[in-house]
Amino acid sequence: MRKDTLVLGIETSCDETSAAVVRNGREILSNIIDTQIPIHEKYGGVVPEIASRNHIEAISRVIKFALKEANVKIDEIDVISPTYGPGLVGALLVGVSYGKALAYANNKPLVGVNHIEGHIAANYLTYEELQPPFLCLLISGGNTMLVLVKDYTEFEILGKTRDDAIGEAFDKVARVVGLEYPGGPKVDKLAKEGIPNIAFPKTHFENSLDFSFSGIKTAIINYNHNTKDVNKANLCASFEKIITEVLIDNTKKAIEDTGIHCLAIAGGVSANSFIRKEILNLQNEKLKVYMPDMKLCTDNAAMIASAGYYNFIKGKSSSLNLNAIPNLKL
Ligand code: KG4
């Protein structure tokens, strides 16, 4: 029998300081998330310098807590996996430096993880049976893409946003209607009280699976500016309905083009209740749909540890020269 592999994942790419211990890429032994949302709330968004400082303050404590909750000592950890991009450079550097120091001091392999791969891997922590190949609709604060997951560490981007990420559009719409950062969950809640009766524009590209959200964002800013007594709930419901239609149209095309009838979603926006409901409605005897647990949709280190495991067993590793790459691509 193969020995278990325990990975310590470290995530500091944006405003969550997180550490987790995951067994064999699938089983979460701990997943500690120290969120900075209350700190950044008063600025209306993440302030990079403040994020870095708070990661520094939290990281030792969060890692100690993750080991304690998993009931393992650092000696028992087999691999150390920090996120090294994409994200805020100063924030990433905290996790990367800490991970490198831990790996060096304890003589452990270091495997840097691409944050986007981590989001996809959140599905492996929710579904024991899920294996590539599958399609993944990755919708987060920094990315929007349709990915063909060919293998655990092999990806093909079938379509991506040409401008804003979907999470940015959610946060912008929230700000326009006076909801506080992070706006996505608040738009989600308010939309439930509304009727999707406003016709905002829907962007599609010919012969392409790319997305664009800047048009609807501008249309909403203009509508809000030029309309008396805006019904905010209807505005949020209309926005959600239109962008979900775009996501679904492109996803259906990707299923048709690839012939792959296994679909996962991932990223912070995959926590959206309307999107989850509509994506789940696609499921039928031919198409199987996977969605990460709600707490694994947004940034967390368990998903990073899972991706670290799959990179490690493929023989990938990082040297102590590992650096943060803010615009790292999948
Ligand atoms: O995946 P994530 O934590 O960060 C990145 O890796 O980019 O995503 C954060 C984004 C934010 O834009 C936030 O507003 C959005 O996910 N979000 C949501 C919901 N929960 C988080 N958007 C819509 N509905 C939600 N329930």
Just by distance, no angles: are the side chains of [X] and [Y] close enough, under 3.5 Å, to form a donor-acceptor pair?
| X | Y | result |
| --- | --- | --- |
| Glu117 | Asn311 | yes |
| Glu16 | Asn300 | no |
| Tyr84 | Ser13 | no |
| His115 | Asp299 | yes |
| Glu278 | Thr244 | no |

Distance-only, no hydrogens or angles: does the [X] side chain make a donor-acceptor pair with backbone N or O of [Y] under 3.5 Å?
| X | Y | value |
| --- | --- | --- |
| Lys150 | Pro133 | no |
| Ser81 | Gly9 | no |
| Asn234 | Ile195 | yes |
| Asn123 | Ala264 | no |
| Ser306 | Gly25 | yes |
| Asp78 | Leu6 | yes |
| Asn226 | Asn222 | yes |
| Asn284 | Lys286 | yes |
| Lys100 | Leu320 | yes |
| Thr144 | Ser140 | no |

Please test Val176 against Tyr223 for side chain to side chain contact (heavy atoms under 4.5 Å, CB included), starting from the C-alpha separation and ending with a verdict.
-> CA-CA 10 Å; Val176 165; Tyr223 176 87; over 6 Å; no
Can you measure from [atom1] ([X]) to [atom2] ([Y]) and round to the nearest 0.5 angstrom?
| X | Y | atom1 | atom2 | value |
| --- | --- | --- | --- | --- |
| Asn272 | Lys189 | CG | NZ | 14.0 Å |
| Leu146 | Ile265 | CG | CD1 | 11.5 Å |
| Lys288 | Leu130 | NZ | CG | 9.5 Å |
| Ile50 | Ile39 | CD1 | CD1 | 8.5 Å |
| Glu240 | Lys192 | CD | NZ | 8.5 Å |
| Leu263 | Met291 | CG | CE | 8.0 Å |

Considering all heavy atoms, the nearest [X]-[Y] contact:
| X | Y | answer |
| --- | --- | --- |
| Ile139 | Leu247 | CG2-CD2, 3.9 Å |
| Asp164 | Phe213 | O-CD1, 3.4 Å |
| Gly85 | Leu328 | O-CD2, 3.5 Å |
| Gln36 | Thr17 | NE2-OG1, 3.9 Å |
| Ala307 | Val113 | CB-CG1, 3.7 Å |
| Leu209 | Leu158 | CB-O, 3.6 Å |

Decide whether [X] and [Y] are clustered together by the hydrophobic rule: side chain heavy atoms of Ile, Leu, Val, Met, Phe, Trp, Tyr closer than 4.5 Å, transitively.
| X | Y | answer |
| --- | --- | --- |
| Leu67 | Val62 | no |
| Val21 | Val79 | no |
| Ile63 | Tyr104 | yes |
| Ile279 | Ile242 | yes |
| Leu93 | Ile325 | no |

I want to check something: taking the side chain as every heavy atom from C-beta on, are [X] and [Y] in contact at a cut-off of under 4.5 Å?
| X | Y | result |
| --- | --- | --- |
| Ile260 | Ile255 | no |
| Val7 | Phe312 | no |
| Leu110 | Pro82 | yes |
| His204 | Asn250 | yes |
| Cys297 | Ser270 | yes |
| Met145 | Leu330 | yes |

Do other residues, nucleotides or ligands put more than 12 heavy atoms under 6.0 Å from the [atom1] atom of [X]?
| X | atom1 | answer |
| --- | --- | --- |
| Asn71 | CG | no |
| Asn281 | CG | yes |
| Glu129 | CD | yes |

May I have all residue pairs that pass salt bridge (Lys or Arg N to Asp or Glu O under 4.0 Å) and include part of residues 42-65, sequence neighbours excluded?
-> Asp34-Arg61, Glu49-Arg53, Glu57-Arg61
Does the ring centre of Phe205 sit less than 6.0 Å away from the ring centre of Phe211?
-> no
Step by step, work out the side chain to side chain contact (heavy atoms under 4.5 Å, CB included) result for Ile32 and Glu69.
-> CA-CA 9 Å; Ile32 308 299; Glu69 191 163 300; 3.7 Å; yes
Sequence neighbours left out, what pairs pass side-chain hydrogen bond (donor to acceptor under 3.5 Å, both in side chains) with at least one residue falling in residues 314-330?
-> Asp151-Lys314
Give the C-alpha distance, both sets of side-chain angles, the deciding distance and a yes or no for ring-ring contact (aromatic ring centres under 6.0 Å, His included) between Tyr309 and Tyr124.
-> CA-CA 11 Å; Tyr309 169 81; Tyr124 302 135; 9.9 Å; no
The single option from Thr35, Asp15, Ile37 passing side chain to side chain contact (heavy atoms under 4.5 Å, CB included) against Pro182 | Ile37
Ion pair check, Lys202 and Glu245, cut-off under 4.0 Å | yes
Would Thr161 and Ile166 satisfy side chain to side chain contact (heavy atoms under 4.5 Å, CB included), going step by step from the backbone distance to the final call?
-> CA-CA 8 Å; Thr161 182; Ile166 190 167; over 6 Å; no
Under the side chain to side chain contact (heavy atoms under 4.5 Å, CB included) rule, what do Phe134 and Ile120 come out as? Steps first, then yes or no, please.
-> CA-CA 10 Å; Phe134 59 90; Ile120 296 171; 4.0 Å; yes
Can you check salt bridge (Lys or Arg N to Asp or Glu O under 4.0 Å) on Glu168 and Lys172, steps first, answer last?
-> CA-CA 6 Å; Glu168 279 176 82; Lys172 184 70 192 180; over 6 Å; no
Which of parallel (below 30°), tilted (30 to 60°) and perpendicular (above 60°) describes Tyr290 and Tyr127?
-> perpendicular
Tyr181 six-ring face occupied by Arg175 cation (under 6.0 Å, within 45°) | no
Can you sort out the partners of Ala219 under side chain to side chain contact (heavy atoms under 4.5 Å, CB included), two or more places apart, ordered by chain and number?
-> Phe200, Pro201
